[in-house]
Each structure stands twice: as C-alpha cells, then as structure tokens.
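First the structure, which I've put down as structure tokens, then a few questions once you've had a look.
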Protein chains: 2
Amino acid sequence: MATLKDIARALDLSITQVSRALNDHSDVNEETRLRVKATARAMNYHPNASARKLVSGRSGMVGLVVPQYRNIGQDRIFMEVVAGLSTQFSGRGMQFVLHMMAEQENALPVYQKLIGTAMLDGFVLIDPMERDPRIDFLRKAGVSFVVHGRSGKVIDYPYFDIENEQLAYDLTAHLIQRGHRRIAFLNGIADRSYVTVREQGYIRALRDGGAEVLPHLHLHGVMDEAHGLTDTIRLFSGDAPCPTAIVCGNVRLARGVYQGLEALGLSVPGDVSVVAHDDELPALRASAFFPSLTVTKSPLRDSWEPLADCLAGAIEGKPLGTLQRLGSYSFIERNSVANL
Amino acid sequence: MATLKDIARALDLSITQVSRALNDHSDVNEETRLRVKATARAMNYHPNASARKLVSGRSGMVGLVVPQYRNIGQDRIFMEVVAGLSTQFSGRGMQFVLHMMAEQENALPVYQKLIGTAMLDGFVLIDPMERDPRIDFLRKAGVSFVVHGRSGKVIDYPYFDIENEQLAYDLTAHLIQRGHRRIAFLNGIADRSYVTVREQGYIRALRDGGAEVLPHLHLHGVMDEAHGLTDTIRLFSGDAPCPTAIVCGNVRLARGVYQGLEALGLSVPGDVSVVAHDDELPALRASAFFPSLTVTKSPLRDSWEPLADCLAGAIEGKPLGTLQRLGSYSFIERNSVANL
DNA sequence: CGGTTTTCCCGAAACGTTTCGGAAAACATA
DNA sequence: TATGTTTTCCGAAACGTTTCGGGAAAACCG
C-alpha cells in the first residue's frame, strides 16, 4: 500500500506538504496540490485510517450498535435502517459499520469497549427509551452521537425526530372532529420514548375534544400485523364499551386491524374508522388498502440524511443548535374514516 | 481512556513490560503479570485498536461486504448471517462489522478502499460466483479471507462449504430409485458457484440412473416462494412432457412448489413428488409441511463457527490445510415422495 | 532600500502500541 | 573465582499520519 512517504519521495516533497495538499490546507501552491492529488490517485493511495485516527482522533468510521433478537430475520424495517445509513455515510466519504450484540448482552459495556478501542468516531442511536442510559453514557464518555428520536427531559444532544406528540394529536383530533368519542390507540412497546410522547398527544386530543380517556382502549405492543389483529379482537370482545375508531401506530398494525375487523364481521369505515401513522415502509402502501387508509405520513427513509448530517456535524464539533432537527409530516385524508 | 503509560506509571513498570504482561509473553514474572492484569481491569483499559493495528498489523476487526439491493428488507436469511457471524467473532474477542455497498457499486474498489485504509484484518466472502473476481483480488492484495462456498478450479484459499454436488446427487438419486425419470430441478441464480455444482450432481444422478437430461426441466432463479410457485406452473403448462418429481434448492422454493401444485389441482406426492435441500432457516420447517417434506438437511447456522475458525486461523497465519472445511448433511426421508 | 507581509515549504513531535536488542541480577556450572 | 545461563526487565525504534512552530524566498509598501 502506498503511503505519504511514497508520494513525497516520488514528487520530491516533504511528507508534511503532501499531507497538507491532500487535506486541502491553505498554504500549499495550487499547482503542487494538483500534482500531489494526481499522483496520489495514480498510486492508488488511501490514508491509513489507524494512523490518522491515532493522531487526529478521526478515522471516518461511525457505527450502529444493535441487539440481536429472536426474530431479527423477520424484521423488515431493520435492514432499511442499515441500508439508508450506509448510503448516507458513504456519500460523505465515511464508513458506516454495524455491530450486533448478543441477545441479552448489556449495551453499555459494548459501547465501553468500542469507545476504549477507539476505532469509531461516533454512533447512531435508534429506538431510545424514555430515560435511555446509553445517552448519559456516551455523553459522559465525550463521544459524538446522534439519536433517532428524543429521550428524557433535558435534551442537550444532537437528534433527528418527528413531532410524535402532534402527530398523535392530529390523528385523534381528526376522529373527534368526525364525531367519534370512544377512540382506541394501538401504540408501540411501552418504554420507547416515542410511544410515551404519542400517548401524550392522544390524551391531549381526547381532553381538548371533551372525550373521556378510557385506559382499556390504549394498548401497547410490537407494531406488527399479528398484534393489530389480536388487539382488535380483544377490543371488541370484552364487556367494556367498544371503540368506534382506532388510531394505529403504524401501517402494519393497521393491516392487522383490517384483518381483525373483517374476521369480526365489522366494516371499515361503516362500523369502525381507522387511521394510522405511515412510515412508508416498502411493500406496505396505505393508499392500496381497501378502503384506502387515512394517515399522517412521514417516510422513515427521509431520516437517514438528517441523521448523517447531524452526526457528521457533531464529529466536526459544530454547535448543538444546528444538530437538532425535526422532520415534518403530512396529513393525508382517504376513505377509512366515517362521520358518526 | 487509560493507556499503557497510565498502567506503567501506576505500577512503576516500563510500558514494554506492561504490554508484554497483558499479551502473555513468556519473559514476565507471574506475579507481575497478575498485578498488571488486575490494574488494567481496574482502570478499565482497552488497547487502542488503531495503535495496535499500526504496528502489529492486527486490529481484531473483520468485515463482511454486501451489496445493497431492492428487496433487502424482505431477505430473511441475510440477518441470520450477520447475527451468526457477529456472535462467533465476539466470542473470539474480535469485532465483526458489516459494510453495505451501494446498489450497483462494483465490489472490487470497495475492497480496495477498505484494504487501503487498513482497518480490517480480514473478510468473510459469501455467495461466491463461479469465477469470483473478489477471490483473486483479495489473494493478490495479501489480505486474509474465508469463503462460504468454493469457486474456481484451483482452490488455494480458506473456505467452509458443504458437499453441494453430492447433496443434489442424493436428492435426485432418491427419486430415481423410486422410479421417477422426468425430474425437474429448481436451482438458484445461474452464476453462483454452488448452483453450478448442484447442477453437476443432478446431472450425474440422472446419467447414473439412466434417465434422460431434459434441459427444460432445469430452472434457475431466486430461491423464494414466488419463484417456486411460478416455476411450477410453468413446468406444467407447456407442450413438453411434465415432470413427475421436483428437486428444490431450498425449502422456500418447496413451499412455492406446494402452492403451485395445489393451484394446478395436483397432489403431493400422489401426482408429483417433491424433495428439497433444507438450510433450516427459522420459521420454515420442512417437517411441518403437509405432506411433510423429504430433505437433505444441513443447517446454515452450523456454518458460522467453522467460518470464524477459518478466518481467525488465516489471520494468525495457520497453514492452508487446516483452514479448508467441509460440513456434513443428513438425508431425512418424510412423506413427499411416492413410488412410480 | 529597509522593512513588512505573503506564499510556500519543511523538520520534528506526537498519537499508543508492539517488538528488537540488549542488560542487570540471580543462579548454576566448572 | 571465572564463566555461562536463565529470569526479568527496559530503552528505543517503528508503524503512518497530522500538526506545531518556524523559516526562506518572493512580493509588496512607504
């Protein structure tokens, strides 16, 4: 492998000047810079990431740490995350790598070790918990990171998030405006922070609309078809008054809900109205539902670029203000809601 | 982060001796070694991978490079690979990282760059082509690697593979022995090396059994349910004589074949016999088919350990002989084959 | 023409580790 | 006592890069 020394020797320059030329420093002659870059390309030079990291603290590698879990093979969304972030960081000349933890392994020691060996410049955190220990840990360790979502009261770290509170409010308020009063909410796994935040929006909308908050209508779980189906059947099988509308945390849940309602002999939107939030996962189009599904839409794939932006910025030491970004969503009314 | 210097100062030793103690070299007093290791643990020391790599050429990181493709989210098998290899290398104190290439990106420059930056000690190669340029490239570059499968005539590299030729022979021969003569083979994507090798086993079995080789009965494609279904319908819809039995490259294909045969009003095994090779992917049990499926079985998950063994060995410079391993498979007869 | 600035360059140090070549001390051998 | 041998240790060099502090030459200014 060609090194700076090789290039320097070939051009009769100092190693210093070659390095400065390649890194576009100011005090190098334009003509020299071009000559250096040309020979570097010709000699197929790639800077040794270890050497660079050792002295400058930058290796150009960032990582994502994820737990391994039983049905990871089935998880469609996960590969989207990896593919999206890979592409984004590649485009910035950085390397994105995935590190998978053992199933019940504690995350903190894993980060500890990765930080200790000092190979990575920063981390992307996904699925933050309500009070996520990883955030405190990385902050204390002084490592750059960006969170997909937000967690905790004091938010003094880079993040990209969408307005989950308002989005849940909008979906619920839309149903209230159409005359619904008993509105169920199929939410995600309880300790995720976005789940808590969406719950707040749901409750605020109910209060604002003068509707009663009925705890048995608010359900938590993995947001897939199976849970949509079983939760729907559960909602309509007890003694408690049944909902007239259902808010779904994502479109997979909604698909399960449609199946469940069909199994129960209930029609959408005649008997029950359904709305959902749409992450626009591939092969899952809310517009192709029958009847087509009313949603708030904010494509998950729109988040990779801001996330990469924020992390790259954090590594370069940009001020916090520029590293906190909120994505937008749109409300798309279709045919899954009826007036009551 | 604690460094060797910190430990050396704390114990009033030289950096050299601390390093040697931690790496279990011979010329360090047993008592010193213990003291060093204890304080290292206490100070939460992790060797800086960059510094280590720079001088010794080892960072303890190995990687897998995969192309990104459209339906990667649907690919159940892929996450199994990542999870399995991650676990294996973690257990050896090594880091396994995944690097995803852009969709149509050429693999060689990606390896070129990864080798140039010199962060990784070696690579795992999966899905080798019949003559795979990556193998030549990595060999020329002098980097350690291990191949899941084999490719080319001269096999002078570490690999783990199963006897794909014999396995296809066994499946086909089993059908021939039961009296079948027109046997279809739903194989994988044409340029994969295991696909070619399985074809050879299939043809050898046909020849040995005195059955004619009918090209229209040998189909190639992605090995999923959809192709199993469409290929089955294609096999039974032309003018050419229909097969009485089908060999499937994996169990997903077989599932599609079952669906296709049902759609055509044909029964298994009454009208058509079906056999397959079973990688034992999760949530896809050949024994739960109706009728239960006769297979050759060799669980994919059994390959991660030998693969990791071989790569770790190659990095340590072990001789080639010990780095070439063949996995076994078993023949499991069930209820999907009838005598003719 | 003396002084100041600008332009372009370089040597040397530093990052944290491994490893080479010794070297002091303790011990055994002749 | 002199001579090897083993045990245990250490200084210094090296890996390839970035960066600090300076410095020579040219250009500019009054």
Side-chain angles (χ1 to χ4, degrees), chain A residues 1-37 40 43-61 93 113 115-121 142 315-317, chain B residues 1-37 40 43-61 93 113 115-121 142 315-317:
Chain A
M1 279 295 116
T3 69
L4 283 186
K5 201 195 289 189
D6 299 326
I7 302 179
R9 192 160 33 209
L11 294 175
D12 199 32
L13 279 171
S14 73
I15 294 177
T16 305
Q17 206 60 359
V18 174
S19 171
R20 297 179 68 80
L22 290 173
N23 292 328
D24 287 325
H25 281 235
S26 59
D27 58 354
V28 36
N29 190 335
E30 188 56 29
E31 188 248 333
T32 312
R33 186 199 316 284
L34 293 176
R35 257 171 56 226
V36 169
K37 288 199 171 177
M43 298 176 76
N44 203 354
Y45 170 78
H46 295 274
N48 182 307
S50 301
R52 167 179 279 182
K53 175 85 189 170
L54 201 53
V55 57
S56 73
R58 305 263 178 83
S59 66
M61 292 180 79
K113 183 168 177 197
I115 294 170
T117 57
M119 295 177 307
L120 302 178
D121 296 348
I315 290 171
E316 288 166 17
Chain B
M1 278 299 116
T3 70
L4 282 186
K5 200 195 288 188
D6 299 327
I7 302 179
R9 193 160 32 208
L11 293 175
D12 198 32
L13 279 173
S14 72
I15 294 178
T16 305
Q17 206 59 0
V18 174
S19 171
R20 298 179 67 81
L22 289 174
N23 292 329
D24 286 325
H25 281 236
S26 59
D27 57 353
V28 36
N29 190 338
E30 189 55 31
E31 188 247 335
T32 312
R33 187 200 316 285
L34 293 175
R35 258 172 54 225
V36 169
K37 288 199 171 177
M43 298 175 78
N44 203 354
Y45 169 78
H46 295 275
N48 182 307
S50 299
R52 166 179 279 183
K53 175 85 189 170
L54 201 54
V55 58
S56 73
R58 305 264 178 82
S59 66
M61 290 180 78
K113 184 167 177 196
I115 294 170
T117 57
M119 293 248 49
L120 303 178
D121 296 347
I315 290 171
E316 288 166 16

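Letters A, B, ... are given to chains in the order of the sequence lines, protein chains preceding strands, and every chain is numbered from 1. The basis for the numbers below is simple: all heavy atoms, side chains too, and nothing from hydrogens, waters or symmetry mates. A quick note: this is a predicted structure, and the numbers were derived from the prediction, not measured.
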Handout entry: Any donor-acceptor N/O pair under 3.5 Å between dC8(C) base and Asn29(A) side chain
Key =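 Answer is no: no donor-acceptor pair is held.
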Practice task
Check every atom of dC10(D), dC10(C), dT17(D) against the side chain of Leu13(B) and return the nucleotide holding the closest atom.
Solution key: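 Minimum distance to the Leu13(B) side chain belongs to dC10(D).
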Handout entry: Spacing of Asp27(A) atom CG relative to dA24(D) atom P, expressed in whole Å
Key =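 So the two atoms are 16 Å apart, to the nearest Å.
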Exercise for the section: Answer with base, sugar-phosphate or nothing: what part of the nucleic acid does Ser50(A) contact at a heavy-atom distance below 4.0 Å? Expected result: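 If one applies the 4.0 Å heavy-atom cut-off, Ser50(A) turns out to touch nothing in the nucleic acid.
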Handout entry: Residue-phosphate contact under 4.0 Å: Thr32(A) side-chain N/O, dC9(C) OP1/OP2
Key =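 For dC9(C), OP1 or OP2 has a side-chain N or O of Thr32(A) closer than 4.0 Å.
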Handout entry: Straight-line distance of Ser50(A) OG to Asn48(B) CG, nearest 0.5 Å
Key =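 Taking OG in Ser50(A) and CG in Asn48(B), the distance rounds to 8.5 Å.
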Practice task
Give the rounded distance in Å between these two atoms: CD of Gln17(B) and C1' of dG22(C).
Solution key: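 Checked: the CD to C1' distance equals 14 Å.
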Problem - Polar side-chain atom of Lys53(A) near backbone of Gly60(A) as donor-acceptor pair, under 3.5 Å - result: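 Absent.
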Problem - Nearest-Å distance for atom pair CD1/C1', residues Ile7(A) and dT17(D) - result: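 The distance from CD1 of Ile7(A) to C1' of dT17(D) comes to 12 Å, rounded to the nearest Å.
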Problem - Nearest listed nucleotide, side chain of Val55(A), among dT17(C), dA14(C), dC10(D) - result: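 Closest nucleotide to the Val55(A) side chain: dA14(C).
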Practice task
Kindly indicate whether the side chain of Met119(A), heavy atoms from C-beta on, has any atom under 4.5 Å from the side chain of Met61(B).
Solution key: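 Yes - at least one pair of side-chain heavy atoms lies under 4.5 Å apart.
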Practice task
Give a yes/no answer on whether the side chain of Ser56(A) brings an N or O atom under 4.0 Å of OP1 or OP2 in dT18(D).
Solution key: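 No.
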Exercise for the section: Kindly point out which of dC15(D), dT8(D), dC9(C) is positioned nearest to the side chain of Leu54(B)? Expected result: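 Among dC15(D), dT8(D), dC9(C), the one nearest the side chain of Leu54(B) is dC15(D).
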Exercise for the section: Determine whether any donor atom in the side chain of Thr16(B) lies under 3.5 Å from an acceptor atom in the base of dG11(D), or the reverse, and answer yes or no. Expected result: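 Side chain to base: pair found, below 3.5 Å.
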Exercise for the section: Whole angstrom is fine here: how far is it from CD in Glu30(B) over to C1' in dC9(D)? Expected result: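 Checked: the CD to C1' distance equals 16 Å.
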Practice task
Looking only at side-chain atoms of Arg20(B), point me to the closest of dC10(C), dT19(C), dT18(C).
Solution key: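 Shortest atom-to-atom distance from the side chain points to dT19(C).
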Problem - Flag for Asp27(A)-His25(A): side-chain donor and acceptor within less than 3.5 Å - result: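 No, no side-chain donor-acceptor contact under 3.5 Å.
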Practice task
Could you state the atom-to-atom distance from CG of Asn23(A) to C1' of dT17(D) in whole Å?
Solution key: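 The answer, rounded to whole Å, is 9 Å.
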Practice task
Please confirm whether the backbone N or O of Ile15(B) pairs with a side-chain atom of Ser19(B), one donor and one acceptor, at under 3.5 Å?
Solution key: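 Side chain of Ser19(B) to backbone of Ile15(B): no pair is present.
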Handout entry: Protein-nucleotide distance (Glu31(B), atom CD; dT8(D), atom P), rounded to Å
Key =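 Distance check: Glu31(B) CD to dT8(D) P gives 11 Å.
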Handout entry: Side-chain N or O of Asn48(A) closer than 4.0 Å to phosphate OP1/OP2 of dC15(D)
Key =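 Indeed not, no polar side-chain atom of Asn48(A) lies that close.
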Exercise for the section: Could you pick out which residue, Val28(B) or Ala51(B), lies toward the 5' side of DNA chain D when each is mapped onto its nearest nucleotide? Expected result: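 So the residue in question is Val28(B).
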Problem - Residue-phosphate contact under 4.0 Å: Ser19(B) side-chain N/O, dT19(C) OP1/OP2 - result: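 Answer no for this pair, as no side-chain N or O of Ser19(B) is under 4.0 Å from OP1 or OP2.
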